[in-house]
2 protein chains.
Amino acid sequence: MTPITIYDIAKEANVSVSTVSRVLNDTAPVRASTREKVMAIIEKHQFQPNALARSLIKKETGTIAIILPDITNPFFPEVFWGAENEARDKGYTFFLCNTGGDHSRESEYLTILREKRVDGIIFLGGRINLQHCPEEMAQELIEAGKHLPIVLVNGNIAKSGLHRIYTDEAAGAVLATQHLLDLGHREIAFVGGLKEMATTMVKVKAIQKKLKEHGLEIPKERLMLGDFSIDSGKEQMARLLEQQNPPTAVICVNDYTAIGAIKATIEHGLSIPGDISIVGYDDTPLASAVIPELTTVSQNTYQLGKLAVDLLHDLIGGGKTKKQTALQPELIVRQSTGPARR
Amino acid sequence: MTPITIYDIAKEANVSVSTVSRVLNDTAPVRASTREKVMAIIEKHQFQPNALARSLIKKETGTIAIILPDITNPFFPEVFWGAENEARDKGYTFFLCNTGGDHSRESEYLTILREKRVDGIIFLGGRINLQHCPEEMAQELIEAGKHLPIVLVNGNIAKSGLHRIYTDEAAGAVLATQHLLDLGHREIAFVGGLKEMATTMVKVKAIQKKLKEHGLEIPKERLMLGDFSIDSGKEQMARLLEQQNPPTAVICVNDYTAIGAIKATIEHGLSIPGDISIVGYDDTPLASAVIPELTTVSQNTYQLGKLAVDLLHDLIGGGKTKKQTALQPELIVRQSTGPARR
DNA sequence: GATGTTGATGAAATCCGTTTCATCGGTGTC
DNA sequence: GACACCGATGAAACGGATTTCATCAACATC
């Protein structure tokens with residue numbers, strides 16, 4: 001019943017464990033006849049070396065982890081997909097740690113992962129995307145970073161020296177804004193997102209700055225913050241449409257809220273983009289699935305995950321790498337935006 | 001640099017490693033003063049016990065894994081969410097193994113996970129959902145099942161004796177069929193899904209059986225198989241609409257294909273449900289996000305994941321549990337279905 | 001006062017691999 | 001023929017925890 005070990009193999013083959021180990025890892029020459037004899041017995045017993053014992057002495061586990069807020073939000077599976085594909089090619093297995101946006105759960109996982117001696121951690125969103133990350137939380141990451149490679153994705157810890165990779169969200173917001181301006185929109189609103197998250201406020205600020213160049217702005221009553229869900233987008237949009245003077249275009253913090261916004265708009269009997277233009281963010285699979293198809297900003301999500309693993313792998317290998325990598329976003333124009341009505 | 005060990009702690013505290021271990025695990029009485037002295041030093045050094053060493057001797061890793069086909073399909077994150085939440089409560093960390101539907105990758109992961117000595121595996125979809133699982137693939141799972149607990153979710157390996165939990169897809173298909181019949185539909189089609197997967201054919205068969213009771217059937221030309229993607233649903237639906245005598249209602253293999261079907265229908269200038277009724281399957285978040293909102297069959301996805309972990313946990317604990325558990329589906333009627341046009 | 005029990009602790013074995021070091025026979029070189 | 005070197009192999013240390021067993025003091029019991 002108990003799994004068989006390298007010793008069992010050695011005994012049955014009348015060789016030492018060292019020799020079995022050499023056969024297994026091809027780490028030193030073994031006489032062909034010996035090798036075959038050992039291999040036959042390994043095969044026969046379906047022997048599977050204990051990775052724990054191996055990792056214990058080699059000080060590497062072939063395991064990495066990703067900590068992220070919400071796997072049910074389609075942005076994250078896409079990142080994970082890119083990351084996992086790349087990781088498998090490089091010989092890693094992936095822990096997926098879903099925190100639900102709960103920072104204490106991030107801490108728990110950080111501890112567990114270090115105890116499990118993962119080779120590296122990808123930290124995606126969560127506390128590193130906070131507008132103001134509490135000192136204590138930041139410190140925890142910095143401390144962890146001293147003991148194992150960490151890559152921050154879409155976020156930052158100031159002066160931490162931690163490596164990071166992110167999509168330039170300000171640039172993306174500018175693309176969206178410029179697109180709407182080009183279409184003649186002047187009355188623009190923003191929908192969705194927690195105000196304490198950078199992913200929300202970076203976009204808002206970039207939009208405001210761009211608008212200001214044209215003597216425009218998003219007034220307070222058109223800055224509708226909530227969270228990142230479909231329902232929130234729908235609710236914020238509904239409130240916007242009930243105002244005296246609704247905007248002609250809306251930029252949403254992500255695709256989920258944009259879809260909510262579309263629903264609210266249609267339920268109000270308005271047409272898209274005839275009456276109102278809507279722009280999403282992330283270019284998740286949903287964007288092209290809804291009707292009308294969503295104009296949105298692509299972050300090249302798959303690539304983001306892939307590059308994060310590449311970077312982590314380099315760090316694990318001890319190589320020197322750029323501290324920061326920014327991915328440039330791209331505007332995907334579909335059906336949800338059109339000329340401003342007069 | 002090298003992480004500090006229990007020996008370092010012991011030496012600095014002037015006690016034996018056994019005592020430190022006792023403090024750590026509370027496995028035997030330790031004098032209060034000793035405990036405090038040790039704890040202080042542990043705290044001071046931020047000592048984190050090596051889980052590899054611990055697992056090696058305790059023969060349990062506190063790690064489980066899930067092998068699934070495609071994390072970017074919204075059905076799977078939902079299952080994972082339920083599973084992960086439950087697992088964390090029970091003290092497990094989760095490996096997520098995404099196979100892309102590639103059976104050889106399933107095999108690779110099976111090997112790796114066994115070497116890493118995971119406490120158990122949840123196998124979701126993939127080869128176990130095949131209409132005819134090749135003997136060799138089945139054998140591999142059966143063999144693995146002899147060495148560690150395995151729970152099959154939404155699938156089966158005949159006569160394997162492996163525990164499983166699944167949603168009664170035949171029942172769900174019958175619900176959808178009955179719903180359409182009640183609305184007066186007689187011309188019904190089926191869209192999407194790989195024909196070699198059980199999740200496709202179980203539904204088809206259940207629908208055919210139900211229709212037969214009413215002297216009806218889905219003729220060959222209305223059985224449109226493809227894969228599980230939005231694009232495939234769109235393509236199959238388009239082909240259906242080009243036929244001489246299009247159906248008045250369509251049941252889709254999942255929500256993704258249903259969304260594709262909706263798109264094709266609208267692009268054809270038809271209205272939903274005025275001209276055509278469409279039913280999805282899975283009740284993913286998308287179902288209520290699209291317009292019109294999708295009538296679909298809920299599998300209680302979160303629960304599926306949660307129960308899978310509960311079952312796995314029981315197996316790991318060596319308890320006796322039911323070999324099979326079936327979850328009953330539920331029809332969620334929204335806007336995409338209505339009375340048949342005359 | 002002898003014996004038994006409990007509390008507190010340490011020494012050493014154990015888990016299962018990898019790796020260093022040593023040994024030994026055989027071959028090539030001067 | 002002496003020496004160096006290489007191929008093939010084994011013995012033993014090591015990694016970092018847990019756990020069994022032994023020891024010893026203090027205290028309770030009769």
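Throughout, protein chains are lettered first and strands after them, A, B, ... in sequence-line order, and every chain is numbered starting at 1.
- At the heavy-atom level, A/Val15 lies under 4.0 Å from the strands shown only through sugar-phosphate atoms.
- As judged by a 4.0 angstrom heavy-atom cut-off over every strand, A/Asn14 is placed among residues touching the sugar-phosphate backbone only.
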Could you give me the CA-CA distance, side-chain angles and deciding distance for B/Glu86 and B/Tyr92, then say whether side-chain contact (heavy atoms from CB on, under 4.5 Å) is met?
CA-CA 9 Å; B/Glu86 188 71 5; B/Tyr92 297 108; over 6 Å; no
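- Within the 3.5 Å criterion, the main-chain N or O of B/Arg127 finds a donor-acceptor partner in the side chain of B/Glu106.
- Remark: P of C/dC15 and CD of B/Glu115 are 20 Å apart, rounded to the nearest angstrom.
- Using a 4.0 Å cut-off between charged side-chain N and carboxylate O, A/Asp26 and A/Arg22 make no salt bridge.
- For a distance-only test at 3.5 Å, the side chain of A/Arg22 qualifies as a donor-acceptor partner of the base of D/dG10.
- As judged by a 4.0 angstrom heavy-atom cut-off over every strand, B/Ser21 is placed among the base-contacting residues.
- Looking at heavy atoms from C-beta onward, A/Pro49 lies in side-chain contact with B/Glu115 at the 4.5 angstrom threshold.
- Across the protein-nucleic acid pair, B/Ile9 atom CD1 and D/dG16 atom P stand 13 Å apart, rounded to whole Å.
- Phosphate proximity of C/dC16 to B/Lys59: present, with a side-chain N or O under 4.0 Å from OP1 or OP2.
- Where B/Gln48 and A/Thr34 meet DNA chain D, the nucleotide closest to each residue was compared, and A/Thr34 sits on the side nearer the 5' end.
- With salt bridges taken as basic N to acidic carboxylate O contacts below 4.0 Å, none links A/Arg105 and A/Glu108.
- Atom P of nucleotide C/dG7 and atom CZ of B/Arg31 are separated by 14 Å, given to the nearest angstrom.
- The NZ atom of A/Lys58 sits 13 Å away from the P atom of C/dG17 (whole-angstrom rounding).
- Each of C/dG17, C/dA12, C/dC15 was ranked by its minimum atom distance to the side chain of B/Val17; first place goes to C/dA12.
- Applying the 4.0 Å criterion to OP1 and OP2 of D/dG15, one finds that B/Asn50 has every side-chain N and O outside that range.
- Within 4.0 Å (heavy atoms only), B/Thr19 reaches sugar-phosphate atoms of the nucleic acid but no base atom.
- Both B/Tyr7 and A/Ala53 lie close to DNA chain C; mapped to their nearest nucleotides by heavy-atom distance, the more 5′-ward contact belongs to B/Tyr7.
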Would you check, one step at a time, whether the test ring-ring contact (aromatic ring centres under 6.0 Å, His included) holds for B/Phe95 with A/Phe94?
CA-CA 6 Å; B/Phe95 280 125; A/Phe94 237 120; 9.5 Å; no
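- In this structure, B/Ser18 does not reach the C/dG10 phosphate: none of its side-chain N or O atoms is under 4.0 Å from OP1 or OP2.
- The CZ-P distance, from A/Arg54 to C/dG17, rounds to 8 Å in whole Å.
- Take the nearest nucleotide of DNA chain D for B/Leu24 and for A/Leu52: the residue whose nucleotide is more 5' is A/Leu52.
- In this structure, NZ of A/Lys11 is placed 15 Å from C1' of C/dC16, rounded to the nearest angstrom.
- In this structure, B/Lys116 places its NZ atom 16 Å from C1' of C/dC16, rounding to the nearest Å.
- Rounded to an integer number of Å, the gap from A/Arg117 CZ to D/dA17 P is 7 Å.
- Contact annotation: A/Ser16 side-chain N/O to D/dG10 OP1/OP2 distance is under 4.0 Å.
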